[in-house]
Amino acid sequence: MFEIHNDTIAALATPVGVGGIAIVRLSGGEAEDILQKLFIPAKSRECFASHELMYGRCVDADGGTLDEVMAVLMRAPRSYTREDVAEIHCHGGGVSAGAVLSRCLALGARMAQPGEFTKRAFLNGRIDLSRAEAVMQLIGAQGEAAARASVRQLEGGVSAFVKGVSEKLTGVLALLEASTDFPEEVEEEVASEQVVLDLRAILSELRAKCDERGARVLREGASIVLAGRPNVGKSSLMNALLNQERAIVTAIPGTTRDVLTERISLGGVVAELSDTAGQRDTSDPIEKLGVERAQRAAERADVVLIVLDAAEALDAGDAELVKNADDRAVICLNKSDLKPVLTAQALKDMTGAKILEISARTGEGIAALVDELTRRVAPDEEGGGVLTVQRHIELAKSAADSLELAARAVEEGLPLDTAAIDLRLALASLAEITGENATEAVIDRVFSDFCVGK
């Protein structure tokens, strides 16, 4: 059992800097008392009713005005932390909010640690650990898709998934124990077959949620790299995708000598689009360095757009790129507005990669390319999405590993009670996702990544 503190904490809940409003937040047993000493309502008859926004002023120890403010008191348990919570809405900027916060500390509050408000919400049973983590995920979301995933987690999506899987595993465990304790009523061979079927189904469900690449793309964004030899239209294609003249376009080979990166949004996912130096043998040391950087960028990319010139025959460098195209590649047959020399059909005999005919100059095929990029980087949100927190993924994979061992043990004819050990380990891993059996060290590590005031 974790120790629950009821001392009163205070922090600035809004970012530091100039703004319209700055909010000072208090939580704990003395929050109301501190608010009543600090805040003077404009109407003397106005009482400190819970959940009612009041207008007035904050005062210093001598009764002097610190700021004209709005204040609200939220009495337990109807608050974020399930403790008494007070918020003071000051004018933005560091001076007013800083003075109000200093006065709160002088009246007996202490500075909150990173994530301590949300930690108290967890410790007081208002939210589980996965929902607490969703708060910080939402604050740091890089795109709309990441924000939607965080909201699903905040609303209990991960909790519901873990609960559902755990209930299924508990049912399997009950069958195992029944076949062991009552062999005359539950035939072991029949029970074994059912156990394997159930475990394989649960394993498939768990592994589908452990899409590390998809989770990383949601958290950090996707990487899309344009690759190809000089003058095939990479820079023009980048400008077409960005819908602005960002990359320099000339007829001189080797114009792009470094990796030029811009951000675009695809299906709510932030993606870094990188134009790279044309890949060719060169004696120019600067261009050579650019080519090396281009190759490294392509190796790390989530999607590689291999750009070819449809108006010219395939050369050895093009052929090498096409030959080495993997499942990350989309082959863009550019300059489709010119008389074709290189065709999509000819390329299909060389690769299984997706081929799109486009014209960066006229815009032909650009919409289809954007659709293809969106399909590749945007997450599948139909089934509730994937696990997006690395801690959750590692624990779910640990649970899956335990289930794999249990399934194999049953398939190999070992006694069913040996599989029960691995099932319990899987249940323990899943319980740690929601914090049911998380250690204090795990809890501290989770909340150490939070910002102060949340």
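Predicted, not measured: the structure shown is a model, and the values here were computed from it.
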Minimum heavy-atom distance Gly233-Asn334, with the two atoms named: CA-ND2, 3.6 Å
Within the side chain of Lys234, is there an N or O that forms a donor-acceptor pair under 3.5 Å with the backbone of Gly228? yes
Does any non-hydrogen side-chain atom of Leu356 lie less than 4.5 Å from one of Leu333? no
Considering non-hydrogen atoms only, spot the tightest contact between Ile127 and Arg131 and give its length. CB-CB, 4.1 Å
Does the side chain of Ile443 come within less than 4.5 Å of Phe122's, by heavy atoms? yes
Is the side chain of Arg82 donor-acceptor paired with the backbone N or O of Asn124 at a distance under 3.5 Å, no angle test? yes
Closest non-hydrogen contact found for Ala301 with Val225 is CB-CG2, 3.6 Å
Donor-acceptor pair, distance only, cut-off 3.5 Å: does the side chain of His89 make one with the backbone of Leu53? no
Residue pair Asp128, Lys163: steps toward the side chain to side chain contact (heavy atoms under 4.5 Å, CB included) verdict: CA-CA 12 Å; Asp128 66 28; Lys163 181 180 178 182; over 6 Å; no
Is a side-chain donor-acceptor pair under 3.5 Å present for Ser27 with Glu83? yes
Is there side-chain contact between His392 and Lys209, with heavy atoms separated by less than 4.5 Å? no
Please check this pair: side chain of Thr261 against backbone of Glu272, looking for a donor-acceptor N/O pair closer than 3.5 Å. no
Under 3.5 Å, is there a donor on one side chain and an acceptor on the other for Glu357 and Ser336? no
Salt-bridge contact Arg375-Glu372 (side-chain N to carboxylate O under 4.0 Å): yes
Candidate list Lys454, Glu133, Met136, test side-chain contact (heavy atoms from CB on, under 4.5 Å), partner Thr118, passing option: Lys454
Please round to the nearest 0.5 Å and tell me the distance separating atom CZ of Arg152 and atom CG of Leu154. 12.0 Å
Please report the closest heavy-atom contact between Leu218 and Val269, naming both atoms and the distance. CD2-CG2, 4.5 Å
Give the minimum heavy-atom separation between Val24 and Cys104, together with the two atoms involved. CG1-SG, 4.2 Å
Does a sphere of radius 6.0 Å around CZ in Arg408 hold more than 12 heavy atoms from other residues, nucleotides or ligands, not counting ones at 6.0 Å or beyond? no
Looking at Arg376 and Asp302, is any side-chain nitrogen of the basic one under 4.0 Å from a carboxylate oxygen of the acidic one? no
Separation of Leu273 CG from Ile264 CD1 (nearest 0.5 Å): 5.0 Å
Taking the side chain as C-beta and beyond, is there a heavy-atom pair between Leu416 and Leu175 under 4.5 Å? no
Starting at CG of Leu38, measure out to CG of Leu26 and round the result to the nearest 0.5 Å. 8.0 Å
Atom NZ of Lys119 and atom CD1 of Ile9: how far apart are they, to the nearest 0.5 Å? 10.0 Å
Going from CG on Leu73 to CD on Glu32, what distance comes out if it is rounded to the nearest 0.5 angstrom? 4.5 Å
Does Ser402 use its side chain to pair, donor to acceptor, with the backbone of Ser398 at less than 3.5 Å? yes
Heavy atoms, side chains only, cut-off 4.5 Å: are Ile224 and Leu241 in contact? no
State, to 0.1 Å, how close Thr14 and Ile21 come at their nearest heavy-atom pair, and which atoms those are. OG1-O, 4.2 Å
Backbone N/O of Ser130 and side chain of Gln153: donor-acceptor pair under 3.5 Å: yes
Do the non-hydrogen side-chain atoms of Asp84 and Thr8 ever get within less than 4.5 Å of each other? no
Give a yes or no on whether a salt bridge exists between Glu404 and Arg200, defined as a side-chain N under 4.0 angstrom from a carboxylate O. yes
Side-chain heavy-atom pair Val377, Leu373 within 4.5 angstrom cut-off: no
May I ask you to test the Glu87-Met70 pair for a side-chain heavy-atom distance under 4.5 Å? no
Sidechain-backbone polar pair: Thr374 side chain, Val370 backbone, donor-acceptor under 3.5 Å: yes
Asp326 side chain vs Arg328 backbone, donor-acceptor pair below 3.5 Å: yes
Polar side-chain atom of Arg219 near backbone of Val389 as donor-acceptor pair, under 3.5 Å: no
For Gln390, I'd like to know if atom CD has over 12 heavy atoms of other residues, nucleotides or ligands within 6.0 Å. yes
Flag, side chain of Thr351 to backbone of Lys348, donor-acceptor distance under 3.5 Å: no
Just verifying a value: how many Å separate Leu169 CG and Leu176 CG, rounded to the nearest 0.5 Å? 10.5 Å
Below 4.0 angstrom, N of the basic side chain to O of the carboxylate: do Asp33 and Lys37 qualify? yes
For Glu144, does the CD atom sit with more than 12 other heavy atoms under 6.0 Å from it, leaving out its own atoms? no
